[in-house]
Amino acid sequence: MAPSMEPLSLETQHLINNNTKNPPPKSQEEDPTDQTSPPTNYLSNTKSILLEPLQWLQMLSSNLNPTFILGIFVVYGLSQGFSGSFFRVVTDYYWKDVQKLQPSTVQIYMGFYYIPWVMKPLWGLLTDVFPVGGYRRRPYFVAAGVLGSASALAVALVGELPVAAALTCLVGVTAGMAIADVTIDACIAKSSIEIKGLAADMQSLCGFCSSVGALIGFSTSGLFVHRLGPQLALVLLAMPPALVAVLGFVIYEVKRSPGGQNDENGNTSIKVVEDLGVAIKGTWRTIQCPQVWKPSLYMYLSLALSISTHEGQFYWYTHPNPNPNPNPGPPGPAFSQSFIGMVYAVGALASIVGVVIYQKALKNIPFRTLLFSAQLLYALSGMLDVVFILRWNLWLGIPDSLFVMAEECVSRVVSRVRWTPMIVLSTRLCPSGIEGTFFALLMCIDSLGSLSSKWGGGLMLHMFGVTRTEFGNLWAVVLLRNGLRLGTLGLVFLVPNRGLEDELVTDGVLGVGSDGCRELGDGDGGVLLVGMEGGDRDEKTTLLQS
């Protein structure tokens with residue numbers, strides 16, 4: 001849902017952008033070399049650091065609608081952060097202990113969780129061109145909340161469900177998350193276009209809310225699994241979707257007048273079809289531009305080539321010792337349910353650190369430079385998994401609990417630093433007018449990458465003979481994954497070497513074909529869309545103006 005606010009003047013946007021890049025100089029009274037009253041300066045600096053997050057939120061609320069900020073807290077903090085983390089741990093134990101499936105099979109089933117996310121362009125089209133009662137966003141929040149709550153309650157309370165029915169219900173939970181996500185993302189993409197200087201700040205807020213929610217979800221998931229069992233613990237997953245449904249009633253949105261939904265002859269259905277055609281046409285034309293499809297291809301490949309080994313490692317982490325099989329591989333650490341949740345909680349806390357690092361030090365670095373460095377660190381940090389699986393940490397004298405905590409912290413910080421600029425880049429690739437639909441398409445591409453990663457990893461686990469009780473080749477699968485991560489470095493040239501403030505896509509892209517995208521070298525091998533040649537600019541849609 002788009003924030004309710006008057007369009008900012010050029011002067012206001014200029015001030016925001018300048019303040020983002022060039023903070024105001026300190027006065028002489030704030031000279032850091034002044035040592036006349038160190039205690040006062042120390043207390044003042046401490047107070048400033050503590051108040052900085054509140055001042056940052058106040059700045060965002062003053063430039064964006066406060067209910068939009070509330071929507072980010074509910075969707076990213078509760079629906080994605082808490083529910084996503086709680087869902088991850090509880091369903092792992094549900095498939096392992098209740099349904100008693102093999103890790104490779106579970107990994108294939110987990111790929112179905114991404115299908116609602118792959119369908120995000122459909123949800124984006126629905127929210128853009130099919131308003132309900134004059135509203136584009138509010139009804140979809142309600143629908144997402146009802147779907148998520150009903151699905152979670154069904155799998156938790158109906159008893160022993162067949163595998164197909166349980167999988168359907170769990171996919172329903174993720175569908176509720178995806179619909180709520182695409183609805184709030186439409187607003188984020190629009191605001192990122194209107195106020196370029198706040199694009200990184202909005203993604204940092206989303207990342208912060210998601211990480212805090214994940215911290216709470218991970219830290220409580222093990223306890224609830226231990227106390228209630230993995231199936232009954234799923235009842236808690238019904239609560240965040242219920243709050244998403246409530247958000248649909250309280251979030252502010254300008255209601256479209258009935259006349260605004262009709263064509264010149266008053267025919268509503270024809271106007272909807274026209275809007276749908278314009279959105280699809282603009283999306284197709286935009287994705288054909290090299291400035292758009294090249295980084296989109298990189299984002300897909302960087303996710304797909306990093307095959308997921310999560311289920312194999314999870315089964316190894318939690319497998320009891322001693323192992324009765326003759327060739328089980330190195331004995332696992334046999335972590336408890338509570339400790340698994342705590343490990344993930346520490347990782348969520350580290351993810352917050354990653355958000356802060358990006359916001360404070362990295363957000364102004366050109367996309368290509370930052371993504372190359374982050375991908376390199378991502379590949380190198382993955383080697384810690386190999387060290388742990390081969391139990392070299394014990395040879396070095398490092399206890400399992402300490403090593404896995406450190407490994408989780410490193411991997412989560414690096415993952416957050418790697419992921420955030422890709423999302424920021426995605427918002428900057430969206431043309432005005434179809435930002436909801438097009439951002440959903442880009443997120444669909446990312447979800448396809450994650451789905452490919454899950455299914456590719458499941459196939460590798462099966463081919464290497466990793467099962468519920470045999471883990472002798474698990475280290476080889478993880479080593480293969482790390483090699484593919486390193487290979488992805490050769491694809492970073494697809495990302496434009498442009499900064500946050502640079503223009504990547506202009507509004508005119510909606511009025512021309514793919515041959516109308518004109519490229520200009522940026523001096524560093526990147527490209528910049530500087531204008532459109534030919535075409536009818538009058539086709540530009542105004543679907544998200546209200």
Side-chain angles (χ1 to χ4, degrees), residues 1-5 53-54 56-58 60-88 116-117 120 123-124 126-127 132 135-153 172-192 198 201-221 234-254 348 351-352 355 423 427 436 439-440 443:
M1 113 92 228
S4 172
M5 56 179 290
L54 295 178
W56 179 57
L57 283 176
Q58 184 179 11
L60 290 177
S61 296
S62 64
N63 289 284
L64 305 167
N65 190 278
T67 57
F68 166 53
I69 304 299
L70 174 64
I72 290 179
F73 276 103
V74 172
V75 175
Y76 274 91
L78 294 177
S79 180
Q80 290 190 40
F82 175 82
S83 288
S85 58
F86 197 89
F87 181 88
R88 174 182 174 184
W117 298 89
K120 285 183 71 172
W123 315 137
L126 290 175
T127 60
V132 179
Y135 294 104
R136 288 199 181 97
R137 315 301 180 196
R138 302 177 80 176
Y140 293 97
F141 280 124
V142 175
V146 171
L147 176 61
S149 292
S151 300
L153 291 175
V173 174
T174 62
M177 296 181 192
I179 296 172
D181 175 78
V182 77
T183 307
I184 199 69
D185 278 349
C187 173
I188 295 173
K190 181 176 178 63
S191 298
S192 298
L198 294 183
D201 294 85
M202 281 184 277
Q203 291 303 326
S204 295
L205 178 61
C206 294
F208 177 80
C209 293
S210 178
S211 297
V212 172
L215 173 62
I216 298 172
F218 282 135
S219 61
T220 58
S221 57
L234 289 169
V235 170
L236 293 178
L237 282 177
M239 296 181 183
L243 293 176
V244 171
V246 173
L247 175 67
F249 291 100
V250 301
I251 198 166
Y252 183 81
E253 179 181 7
V254 177
S351 184
I352 299 175
V355 172
I423 298 298
T427 64
F439 188 77
M443 293 301 97

Which atoms form the tightest heavy-atom contact between [X] and [Y], and what is the distance?
{"X": "Ala348", "Y": "Ala214", "answer": "CB-C, 3.7 Å"}
{"X": "Ser83", "Y": "Pro241", "answer": "OG-CD, 4.5 Å"}
{"X": "Val182", "Y": "Ile179", "answer": "CG1-O, 3.2 Å"}
{"X": "Val173", "Y": "Ala152", "answer": "CG2-N, 3.6 Å"}
{"X": "Gly248", "Y": "Val142", "answer": "CA-CG2, 4.0 Å"}
{"X": "Met443", "Y": "Asp185", "answer": "CG-OD2, 4.4 Å"}

With rounding to the nearest 0.5 Å, note down the distance linking [atom1] in [X] to [atom2] in [Y].
{"X": "Phe68", "Y": "Met202", "atom1": "CZ", "atom2": "CE", "value": "6.0 Å"}
{"X": "Leu247", "Y": "Phe249", "atom1": "CG", "atom2": "CZ", "value": "10.5 Å"}
{"X": "Thr183", "Y": "Arg138", "atom1": "OG1", "atom2": "CZ", "value": "13.0 Å"}
{"X": "Ile423", "Y": "Ser204", "atom1": "CD1", "atom2": "OG", "value": "12.0 Å"}
{"X": "Met177", "Y": "Leu78", "atom1": "CE", "atom2": "CG", "value": "11.0 Å"}
{"X": "Ile72", "Y": "Leu60", "atom1": "CD1", "atom2": "CG", "value": "8.0 Å"}

Examine distances only and state if a side-chain atom of [X] and a backbone atom of [Y] form a donor-acceptor pair shorter than 3.5 Å.
{"X": "Ser85", "Y": "Phe82", "value": "yes"}
{"X": "Trp123", "Y": "Ala175", "value": "no"}
{"X": "Ser221", "Y": "Phe86", "value": "no"}
{"X": "Ser210", "Y": "Gly207", "value": "no"}
{"X": "Ser351", "Y": "Ser211", "value": "no"}
{"X": "Ser219", "Y": "Ile216", "value": "yes"}

With a sphere of 6.0 Å drawn around OH of Tyr140, does it hold more than 12 non-hydrogen atoms of other residues, nucleotides or ligands? yes

Compare all side-chain heavy atoms of [X] with those of [Y] and state whether any distance is below 4.5 angstrom.
{"X": "Gln80", "Y": "Asp181", "value": "yes"}
{"X": "Ile352", "Y": "Phe208", "value": "yes"}
{"X": "Leu205", "Y": "Leu57", "value": "yes"}
{"X": "Ile251", "Y": "Val74", "value": "no"}

